[in-house]
Amino acid sequence: QVQVVETGGGLVQAGGSLRLSCAASGGTFSRYSLGWFRQPPGKEREFVCAIARSGGGRYYADSVKGRFTITSDNAKKTVFLQMNNLKPEDTAVYYCAATSTYYSDNYSYTEGRLYDYWGQGTQVTVSS
């Protein structure tokens with residue numbers, strides 16, 4: 001069973017950047033696909049991006065394409081979310097999630113219900 005812990009949140013001005021980290025432990029990192037989700041204040045959780053296991057594809061929500069980048073460092077067992085050109089609407093609690101299930105369709109990685117392990121979340125606040 002894998003555990004994931006997010007770090008790197010904080011307060012940033014619009015147009016700025018942040019890098020979130022998701023450190024995994026307790027499992028074989030290469031066997032897991034990891035995703036980032038967020039929950040804005042007063043709203044439901046939404047998909048941000050994901051990276052499939054073993055060098056698989058990367059998937060992004062339309063709202064973050066071209067601004068956010070997900071990368072993986074297998075040696076560090078860590079997934080990073082580089083967020084550039086942040087906007088106030090990016091304000092949310094950001095969660096990292098992991099699944100050991102391989103999905104042949106890209107859409108499944110956008111579904112939070114299909115992830116088995118979740119972190120506690122890290123707050124990102126973007127001021128205007």
(request) Return the orientation label for the Tyr109 and Tyr59 ring planes: parallel under 30°, perpendicular over 60°, tilted otherwise. (result) parallel

(request) Go through the side-chain N and O atoms of Asp73 and Thr78 and say whether any donor and acceptor fall under 3.5 Å apart. (result) no

(request) Drop me the distance from Arg67's CZ to Ser17's OG, to the nearest 0.5 angstrom. (result) 10.0 Å

(request) Check for a donor-acceptor pair, side chain of Asp105 on one end and backbone N or O of Ser108 on the other, with a separation under 3.5 Å. (result) yes

(message) What I'd like to find out is whether the side chain of Glu89 reaches to under 4.5 Å of the side chain of Pro40, using heavy atoms alone.
(response) no

(message) Given 3.5 Å as the limit, does a donor-acceptor pair link the side chain of Thr99 with the main chain of Thr101, or not?
(response) yes

(message) With rounding to the nearest 0.5 angstrom, report the SG to CD distance, Cys49 to Gln82.
(response) 11.5 Å

(message) Set out, in order, the CA-CA distance, both residues' side-chain angles and the distance that settles side chain to side chain contact (heavy atoms under 4.5 Å, CB included) for Thr91 and Gln123, then state yes or no.
(response) CA-CA 8 Å; Thr91 295; Gln123 177 70 47; 4.0 Å; yes

(message) Measuring from atom SG of Cys22 to atom CZ of Phe80, what distance do you get when rounded to the nearest 0.5 angstrom?
(response) 10.0 Å

(request) Please report the closest heavy-atom contact between Gly112 and Trp118, naming both atoms and the distance. (result) O-CZ2, 3.3 Å

(message) Are Phe37 and Phe47 an aromatic pair, judged by ring center distance below 6.0 Å?
(response) yes

(request) List, by chain and then residue number, the residues other than Val126 in its hydrophobic cluster (Ile/Leu/Val/Met/Phe/Trp/Tyr, side-chain heavy atoms under 4.5 Å); write none if there are no others. (result) Val2, Val4, Val12, Leu18, Leu20, Phe29, Tyr32, Leu34, Trp36, Val48, Ile51, Tyr60, Val64, Phe68, Ile70, Val79, Leu81, Met83, Leu86, Tyr94, Tyr117, Val124

(request) Spell out, as yes or no, whether a donor-acceptor pair under 3.5 Å connects the side chain of Glu6 to the backbone of Gln120. (result) yes

(message) Applying salt bridge (Lys or Arg N to Asp or Glu O under 4.0 Å) as the test, list every pair that has at least one member in residues 28-39; sequence neighbours left out.
(response) Arg38-Glu46, Arg38-Asp90

(message) On a heavy-atom basis, which atom in Ser128 and which in Ala14 lie closest, and how many Å separate them?
(response) CA-CB, 4.3 Å

(request) Using atom types as modelled and distance alone, determine if a side-chain donor or acceptor of Arg53 lies under 3.5 Å from a backbone N or O of Ser100. (result) yes

(message) Working to the nearest 0.5 angstrom, can you tell me the gap between Leu114 CG and Ser33 OG?
(response) 11.0 Å

